[in-house]
Each structure stands twice: as C-alpha cells, then as structure tokens.
Amino acid sequence: MIDLRSDTVTTPTATMKKAMSNAKVGDDVYGDDPTVTELEKLAAEKLGFESALFAPSGTQTNLIALLTHCQRGDEYIVGQQAHTYKYEGGGAAVFGSIQPQPIDAREDGTLALESIEAVIKPDDPHFARSRLLAIENTYHGRALPMEYLPAVRELADSKQLILHLDGARVFNAAVHHGVDVKQIGAHFDSVSVCLSKGLCAPVGSVLCGGAEFILQARRWRKMLGGGMRQAGYIAAAGVVALNENIDRLQFDHDHARALFEGLRDIEELHMTEECVQTNMVFLKCGKRVATELAAYLGARKIYISAGETVRLVLHKDVTIEDVIQVTSECKKFFKAS
Ligand SMILES: *Cc1c(COP(=O)(O)O)cnc(C)c1O
C-alpha cells in the first residue's frame, strides 16, 4: 500500500519505538515527566525560544497560542486557506471569542503586506481589536521566501500586532531554504510545530515562545484537556523526531521532485513548476478526473485524497520505488481514459 494522502500517516521509526518503550516517565501535569521536559527544552532550543509546551496536536497548539495571545473581542488576521482559520473547526471563535479576519494569500503563500494593512482596524468601538497576525510556513507546501519574514515582522511591529507562526511543517521550509530553523523562528512571537508529520512521531506538537507566554499557555492546555500524565512515552518519539528526522525531510522533497518529473509529461495534468513544493505535488485535473483517478489508484492500493486540487504528499513511508509505481499507474490511467 502507498499512502499519499498526508505525511501524518507516517509510522514511527524503529529508533522511536525503542525510545518510547525505554522512556523515563512521570506525571507531566505535576511537571515531573523528564522526557516531556527534555522534549520541551530541545524544541525551544532548536527553534530559538526560551520555552516550549508539548500538546497532543497542532490544532491544540495553535488554539492555545491564540487563546494565550488574544482576549475576547480581539481579532486575528490569517490566510483564507490557512489551517488555523479553515481547518480547526473555528476553535479560536468558539473557545476564545476571537474573531478571525481572513485574507487571500498570494500564489507564493505569503499574505501581501498591503492586504494585511488594509484590514487592520482603527481603535474604535465599532471594531474588533486587531491583535495578532497568523502566518503559515510551509503554506500548502510552499516555503515562504526568507526575505518575507523580516518584512512581515516589521509590519507587525509598526502596527503592534503579535506574530504567530503555524509552523506545522516549518522544518520542511528550513530544509528547503537550507537554513537553520532558528532563522525562521527568530521573526515570530510564537511558533507551533508538528512532530507527527514528516518528522514521523506518532502523536504531538510543540508550541514555542517566551517563558511567561508558555507559563500562561500551560494553563490553557490544561483547560483544553491537553494535560497528559505519563506523556513521556509519546514525547520520547518527539525527541527522536527533532534529533534524527529533520535532515531526512530532504528525501521527501527529492521524492516529490521525482514524482513531479514522472508526471509532467501527462498532458491532462497541465503540470508546471508551481506543482511541486517541498514534500507535496499538486495535480490540477479538476474534481471529476481526480475522483476517477483516486478510484483507479485506490483499486491498486495507492491512496490519494481527491478534491478540487489533488495534493500528493511524500513522507518516510513512500520510497523511490513507490514513486516510480505511482508514476506508471498514473500514466496507464491517463492513457486509458
Ligand atoms: C497538520 C497541520 C496542523 C495541525 O494539525 P493536527 O492534525 O491537529 O496536528 C496545523 N497547521 C497546518 C498547516 C497543518 O498542516
């Protein structure tokens, strides 16, 4: 079976399983699980922050960040297709009475500075208080240009906006640009990172920020039910993820490129350079063809999720042989249809 639906489907590595079974644990709600503490320290250090917090999911770390940074009646500016806005059940509005202000992203995944400025509300009782700007990197597989980050930081500073990064795949962005992830983290007040995607941990995300921010975030995590007891068993996999699995993301990017090269001759797919981004390949064949393709591949134990655009996601459990097989099955499908 070849599963290209998401990099969340990765199974833990052998090293992870060993680390998990040997983990030293305690009760993390009492603050005495040494493995969770180790993971939080490691994450803070890697991303260049004072402190970090381990939580069960990226949805929760993003929500915790918004609840900690914002008050009831505040507003956050966010991409129209951003995970924090579109794919997290409206949590910030539901639990925090924080109003989202979505804006369209540009083709390169950035939010134009003038579009951000245009929606910042004046201090007037008619309006919600514009409080935070949420950026996503990578955004739909796109690693935001490095020069965008100081520019957006400068805008946030000049408008007194807090800057949060949904860095679910921030390590893919760092690997793509060949930079230390700290160079990305440095521009933000807080960063959420998923350990359970290309980094292969079974469960978990970390939220990085200042010491005082993380202290408050810890209270929100408890309220949301994210305080876990012997969480060291899963944090142990997170430690391995951060120590051993960052460089391997390059393989996923290379495999995405190989898949793109294999598919680019298929006329019906209209492949352009924009279709390959970090560990993802996008097909623009329309929903009807996508649904038929998904059914054809599914019958051959190759799983993709078909929507308006099809996103094929490369990860540890997809080998170069798998890429070749997927390419050849796609070619057969389009030749026959
Ligand atoms: C996966 C993801 C998250 C968090 O997802 P969880 O499944 O809740 O861990 C957040 N933002 C982006 C961009 C993501 O891809």
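Order of listing sets the numbers, starting from 1, for every ligand and every atom in it. Just so you know, residue 1 is the first one in the sequence shown, and it goes up from there.
Residue, atom and distance of the protein heavy atom nearest to atom 14 (C) of ligand 1 are Lys197 NZ, 2.7 Å. Scanning all protein heavy atoms for the shortest distance to atom 9 (O) of ligand 1 gives Gly58 N, 2.8 Å.
Contact atoms of ligand 1 toward Asp166: 10 (C), 11 (N), 12 (C), 13 (C) (distance under 4.0 Å to a heavy atom of the residue). Using a 4.0 Å cut-off to heavy atoms of Thr59, the atoms of ligand 1 that qualify are 4 (C), 5 (O), 6 (P), 8 (O). Shown in contact with Ser57 at under 4.0 Å from a heavy atom are these atoms of ligand 1, numbered in order with element: 8 (O), 9 (O). In summary, the atoms of ligand 1 found under 4.0 Å from a heavy atom of Glu88, numbered by their order in the structure, are 10 (C).
In Asn62, the part holding a heavy atom less than 4.0 Å from any atom of ligand 1 is the side chain.
Remark: Asn22 CG is packed, more than 12 non-hydrogen atoms of other residues, nucleotides or ligands lying under 6.0 Å away.
A salt bridge does not link Lys197 with Asp252: none of the charged nitrogens is closer than 4.0 Å to a carboxylate oxygen. The residues Arg248 and Asp254 are annotated as not salt-bridged, no charged nitrogen and carboxylate oxygen being separated by less than 4.0 angstrom. Between Arg218 and Glu40, at least one side-chain N (NZ, or NE/NH1/NH2) sits under 4.0 Å from a carboxylate O, which counts as a salt bridge. Salt bridge annotation for Glu38-Lys41: absent, with no cationic side-chain nitrogen under 4.0 angstrom from a carboxylate oxygen.
In terms of polar-atom proximity, defined here as any N/O pair under 3.5 Å, Thr138 makes no such contact with ligand 1. For the pair Cys194 and ligand 1, the shortest N or O to N or O distance does not fall below 3.5 Å. The shortest N or O to N or O distance between Ser196 and ligand 1 is not under 3.5 Å. Between Glu136 and ligand 1, not a single N/O pair is under 3.5 Å apart. Between Ser205 and ligand 1, a contact under 3.5 Å exists for no N or O pair.
Asn172 and His253 share a side-chain donor-acceptor pair at under 3.5 Å. With no hydrogens or angles considered, a side-chain donor-acceptor pair links Thr11 and Asp317 at under 3.5 Å.
The nearest pair of heavy atoms linking Cys208 to Ile214 is C-CD1, 4.1 Å.
By the definition of a contact as any protein heavy atom under 4.0 Å away, atom 7 (O) of ligand 1 is not in contact.
Looking only at distances, no side-chain donor or acceptor of Asp157 sits under 3.5 Å from a matching main-chain atom of Glu154.
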